[in-house]
Amino acid sequence: MTAAPIAVALDAPDLETAARWATLVTPHVSTVKVGLELYLRYGPDVVASVRGASRVQVFLDLKLHDIPATVRGAARAVARLKPSYLTVHAAGGPAMIREAVEAAPATKIAAVTVLTSLDDADLRAVGVEGPAPDAVRRLAALAVGAGAQALVCSPQEAAGVRAEVGPDITLITPGVRPAGADTQDQARVATPEAALAAGADLLVIGRPITAAPDPGAAAAAMAAALRKLA
């Protein structure tokens, strides 16, 4: 049975919980995602803990954003952990993205375009020319031109980004919520089915799976629903 194109966000309060969630969901999904909070609390050991004995892909979501030399060093430091994906902010610019790509050649560098928590008013407040779909497409083109092999955008922009960058770039979409689920701190969201239909390759889903009474059963149910679409 093919694992579903879901990255489960392991935003756990401790390493033991993250590892347990990973064990429960890895029979059903292709990827587990380690975010900044978990990585800063437990360091590189967290990657081995959530990977366990499985071959699940690890998405290291650190959103690096600094001067090119610093990002080069950071990407090189985590490359030894062999994550499948590592995020950087597209807004860091082409030189920064190129350094990350060169420093971690076995990892797909995924450029984050516009965070899914931001709306057009937020973009105006920080001086970014919007609306959000236009800003996302500009940053996507910039990042791919600098060598990024993957992009992170909301599902609402996935179709436009796919048209902009073509079929060979992996599109990762956070802000994915099953119909009727609480959007929490996400501003630009869509259902898993809509995100895939828009051209997403990997869906980031956290609390709808990890906050369920049985995360493994929740992951299995979402995976089954997506397989029906395929």
Side-chain angles (χ1 to χ4, degrees), residues 5 7 9 31 33-36 59-75 78 83-105 107-177 183 185-190 194-206:
T31 309
K33 185 175 83 73
V34 172
L36 189 60
F59 174 7
L60 197 50
D61 188 19
L62 301 184
K63 297 186 179 69
L64 302 177
H65 190 173
D66 213 311
I67 64 172
T70 298
V71 168
R72 178 180 67 238
V78 299
S84 295
Y85 302 95
L86 171 67
T87 50
V88 304
H89 270 291
M96 188 205 79
I97 295 166
R98 280 193 292 271
E99 293 287 4
V101 171
E102 292 172 7
T107 296
K108 280 191 174 182
I109 297 300
V112 177
T113 54
V114 174
L115 296 171
T116 51
S117 58
L118 302 180
D119 58 20
D120 290 350
D122 295 320
L123 291 179
R124 286 194 298 272
V126 297
V128 174
E129 184 181 352
D134 292 347
V136 168
R137 284 196 299 272
R138 285 196 310 271
L139 288 165
L142 176 151
V144 170
Q149 304 101 326
L151 296 164
V152 181
C153 64
S154 98
Q156 295 182 11
E157 292 99 40
V161 170
R162 178 63 73 202
E164 181 76 35
V165 302
D168 297 329
I169 301 298
T170 300
L171 292 192
I172 301 170
T173 54
V176 175
R177 291 286 185 273
T183 61
D185 54 358
Q186 307 283 357
R188 304 184 333 274
V189 301
L196 281 184
D201 296 302
L202 185 62
L203 313 180
V204 178
I205 303 176

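These numbers come from a predicted model, not from an experiment.
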**Student:** Looking at every non-hydrogen atom in both residues, tell me the closest pair between Asp120 and Ala132 and how far apart they are.
**Tutor:**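 For Asp120 versus Ala132, the nearest heavy atoms are OD1-N, 2.8 Å.
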**Student:** Do Leu86 and Leu64 have side-chain heavy atoms sitting under 4.5 Å apart?
**Tutor:** yes
**Student:** Please report, to 0.1 Å, the donor-acceptor pairs under 3.5 Å made by any side chain of residues 133-143, with sequence neighbours excluded.
**Tutor:**
| from | atom 1 | to | atom 2 | distance (Å) |
| --- | --- | --- | --- | --- |
| Asp134 | OD1 | Arg137 | NH2 | 2.6 |
| Arg138 | NH2 | Glu129 | O | 2.6 |

**Student:** May I ask you to decide if Pro83's main-chain N or O and Thr107's side chain share a donor-acceptor pair within less than 3.5 Å?
**Tutor:** yes
**Student:** Grab the two heavy atoms, one from Val112 and one from Leu115, that are nearest each other, plus how far apart they are.
**Tutor:** CG1-CD2, 3.9 Å
**Student:** How many angstroms lie between atom CG of Leu151 and atom OG1 of Thr173, to the nearest 0.5 angstrom?
**Tutor:**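 Between Leu151 CG and Thr173 OG1, I get 11.5 Å after rounding to 0.5 Å.
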**Student:** Taking the side chain as everything from C-beta on, heavy atoms only, tell me whether Asp61 gets closer than 4.5 Å to Tyr85.
**Tutor:** no
**Student:** Return the set of residues passing salt bridge (charged side-chain N to carboxylate O under 4.0 Å, His left out) with Arg98 (not counting sequence neighbours), or none when no residue passes.
**Tutor:** none
**Student:** Evaluate the side-chain proximity of Val78 to Leu60: yes if any heavy-atom separation is below 4.5 Å, no if none is.
**Tutor:**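 With C-beta onward as the side chain, the pair touches.
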**Student:** Quick check: closest heavy atoms across Ala111 and Ala148, and the distance to 0.1 Å?
**Tutor:** CB-CB, 4.2 Å
**Student:** Can you tell me how far apart CZ (Phe59) and CG (Leu202) are? Round to the nearest 0.5 Å.
**Tutor:**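 One gets 7.0 Å once the value is rounded to the nearest 0.5 Å.
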**Student:** Taking all atoms of both residues into account, what is the closest heavy-atom pair of Ala200 and Ala158, and its distance?
**Tutor:**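 The pair with the smallest heavy-atom distance is N-CB, 4.4 Å.
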**Student:** Does a side-chain heavy-atom distance below 4.5 Å link Arg162 with Asp201?
**Tutor:** yes
**Student:** I need the minimum non-hydrogen distance between His65 and Met96, along with the two atoms involved.
**Tutor:**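 Scanning both residues completely, I find the closest heavy atoms to be CA-SD, 3.9 Å.
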**Student:** So which atom in Ile169 and which in Ala150 form the shortest heavy-atom distance, rounded to 0.1 Å?
**Tutor:**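 Where Ile169 meets Ala150 most closely, the heavy atoms are CG2-CA, 3.9 Å.
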**Student:** For Leu36, what residues pass the side-chain contact (heavy atoms from CB on, under 4.5 Å) criterion, not counting sequence neighbours?
**Tutor:**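 Only Leu40, Leu62 meet the side-chain contact (heavy atoms from CB on, under 4.5 Å) criterion with Leu36.
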**Student:** Only one of Thr116, Leu123, Asp122 passes side-chain contact (heavy atoms from CB on, under 4.5 Å) with Asp119; say which it is.
**Tutor:**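 Considering Thr116, Leu123, Asp122, a side-chain contact (heavy atoms from CB on, under 4.5 Å) with Asp119 is found only for Asp122.
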**Student:** Are the side chains of Ile109 and Gln149 in touch, meaning some heavy atoms are under 4.5 Å apart?
**Tutor:**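 A side-chain contact under 4.5 Å exists here.
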**Student:** From Arg72 CZ over to Ile67 CD1, what is the distance, rounded to the nearest 0.5 angstrom?
**Tutor:**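 Those atoms lie 9.0 Å apart.
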